[in-house]
Amino acid sequence: MIPARIRHYLEAQAARYTEHHHLYTDSLPQAAEACGIDPRDVVRAVMLDDVQGPLMAILPYDHLLDFSALCRLLGREPEPLPAGGLQAAFFPDCEAGCCPPLAPAYGIQAIVDPALLERPRLYLEPGVHDTLLGLDTETFRRLLPTARIEPFSQPLAGLQRKTADTASDLDLGRFTPGRIKRRLEAFHDLPALPGTAAQILDIAANPRAHAADLARVIEQDPALAARILRYANSPLYGFPGKIGDVKSAVARVLGFDFVLNLALGISVGQSLHIPAGGPLGLDAFWRHSVYCAALVDRLARNMPDELRPRRGSAYLAGLLHNLGVLLLGQAFQNEFFLLNRYLLANPELSMARIEKYLLGVGHEQIGGWLLEAWHLPAELVVAARHHHDEHYWGDHALYAQLVLLANRALARRDIPFDDQGAYPAFSLEMLGLGARQVDELADCVCAGAEELDDLARLVA
């Protein structure tokens with residue numbers, strides 16, 4: 001049912017509209033598809049806020065909100081607000097996640113992109129997820145009598161990276177892939193491979209190393225040792241009794257290769273520091289990474305024997321595949337801050353697309369360069385560099401495809417980070433897995449959410 005405030009506002013303005021009811025959907029494009037409506041005619045709204053008060057930015061669904069352009073127009077820098085908190089703060093009578101683009105009904109100022117007014121008829125979500133309202137553009141314009149009309153969006157079709165002429169004050173046009181790579185190779189302002197990680201790599205290269213050698217290195221880092229013990233005592237492994245030392249965790253519960261790679265992943269990841277909050281913040285990063293590592297490990301163990309990769313390496317590939325995000329946040333803080341803003345303002349766009357628009361390079365390239373510069377195993381470099389490429393079939397492709405499947409399975413379970421879509425037939429065939437099998441294994445992993453969330457908090 002349309003919220004009373006919306007309905008009363010429409011009636012007070014004598015607005016003529018049509019109601020298009022459909023099954024409950026999670027997004028505007030799903031609603032448009034359910035109603036047989038061209039997505040280009042769908043209106044979306046983004047809530048922003050700063051010391052001057054809330055502001056609603058209204059634009060076509062098929063446009064990217066260009067945050068730099070908007071800030072220049074406004075002469076201020078409001079923050080985009082996550083959809084999850086809008087109901088209580090601004091739209092108490094609407095369903096969670098809705099942002100009805102009728103700002104005056106809630107006493108909110110608005111800015112409208114003129115590209116929206118070029119369509120003859122528009123459709124909007126009126127505070128509920130099972131209805132769209134259709135109205136002609138002139139009526140919609142009349143419903144926003146005090147809104148400012150200014151261009152602040154870019155059409156997604158043919159979206160190009162910023163150039164030096166159009167870049168924001170961060171001069172993103174000079175933020176080129178070559179420049180990033182040169183900076184990584186020079187290691188200016190970047191952390192060296194942590195000492196603990198270097199010692200663990202030495203152990204990995206020694207065919208005569210055993211559990212006591214690995215435990216000795218891990219125990220030099222009390223925080224790392226505590227994390228390994230907490231993991232070994234997790235209900236995920238169901239070991240009867242209490243594990244009180246790292247050597248027992250290695251020999252009796254987790255296994256040499258698995259602990260080696262888990263310890264290496266934690267040691268490497270904790271050398272890079274970024275803010276905790278935001279869609280790419282440390283909390284979200286490690287939560288997704290821990291879930292992905294657990295699922296990659298589970299998928300690998302269910303592959304046919306002749307295809308199965310080493311368990312510890314598969315786990316580590318899942319844990320570190322997004323390491324480029326951490327590096328971006330530490331080494332390029334201004335750009336990372338802006339990327340988080342764009343993601344909040346454009347939640348239904350892939351991170352890869354926004355990265356290419358803002359930076360000209362994706363986090364997968366950045367992560368691949370860093371892991372390569374640190375001389376980490378080739379399979380980890382490949383997993384970082386190609387985990388979005390469903391057609392990659394080169395060396396160590398199993399690791400990249402495992403991570404890709406895990407990411408897409410997690411996105412279906414509301415643990416997204418940077419990849420969504422169907423399971424590619426190519427990936428399933430390469431790994432000897434079925435789509436139903438992937439879903440069942442993902443459900444098993446997510447059933448241990450409490451333990452995985454606890455581990456993610458420990459790592460973060």
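Just the heavy atoms: all of them, side chains too, but no hydrogens, waters or symmetry mates, feed the values below. Residue numbers start at 1 and run along the sequence shown.
Here the straight-line distance linking atom CD1 of Ile111 with atom CG of Leu48 works out to 9.5 Å at 0.5 Å rounding. Here CG of Leu327 is found 12.5 Å from CG of Asn322. Values are rounded to the nearest 0.5 Å. In this structure, the separation between CG on Leu371 and CD1 on Ile366 is 12.0 Å, given to the nearest 0.5 Å.
For the residue pair Glu355/His363, the side-chain donor-acceptor check at 3.5 Å is satisfied. A donor-acceptor contact closer than 3.5 angstrom links the side chains of Asp66 and Tyr342. No side-chain donor-acceptor contact under 3.5 Å links Ser153 and Arg44.
Stacking of Arg412 on the aromatic ring of Tyr423 is recorded, both the 6.0 Å distance cut-off and the 45° axial limit being met.
The side chain to side chain donor-acceptor pair (under 3.5 Å) analysis of residues 28-41, with sequence neighbours excluded, yields the pairs Asp38-Arg40, Asp41-Arg119.
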Solution key, residues 426-438 side-chain donor-acceptor pairs under 3.5 Å, sequence neighbours excluded:
unit_1: Ser427; atom_1: OG; unit_2: Gln401; atom_2: OE1; d: 2.4
unit_1: Gln437; atom_1: OE1; unit_2: Gly434; atom_2: N; d: 3.3

Tabulate below the donor-acceptor pairs under 3.5 Å that side-chain atoms of residues 96-110 make, not counting sequence neighbours, or state none.
unit_1: Tyr106; atom_1: OH; unit_2: Asp93; atom_2: OD1; d: 2.9
unit_1: Tyr106; atom_1: OH; unit_2: Asp93; atom_2: OD2; d: 3.4

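Comment: Arg413 engages Asp443 in a salt bridge, judged by a side-chain N to carboxylate O separation of less than 4.0 angstrom.
Counting heavy-atom neighbours within 6.0 Å of Arg230 CZ, excluding the residue itself, gives a total of 12 or less.
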task: Given salt bridge (charged side-chain N to carboxylate O under 4.0 Å, His left out), test Arg301 with Asp297 step by step and report yes or no.
output: CA-CA 6 Å; Arg301 284 188 279 138; Asp297 177 55; 3.2 Å; yes
- prompt: Arg7 and Glu19: salt bridge (charged side-chain N to carboxylate O under 4.0 Å, His left out), yes or no, with the steps?
  reply: CA-CA 11 Å; Arg7 194 176 291 280; Glu19 297 186 24; 3.3 Å; yes
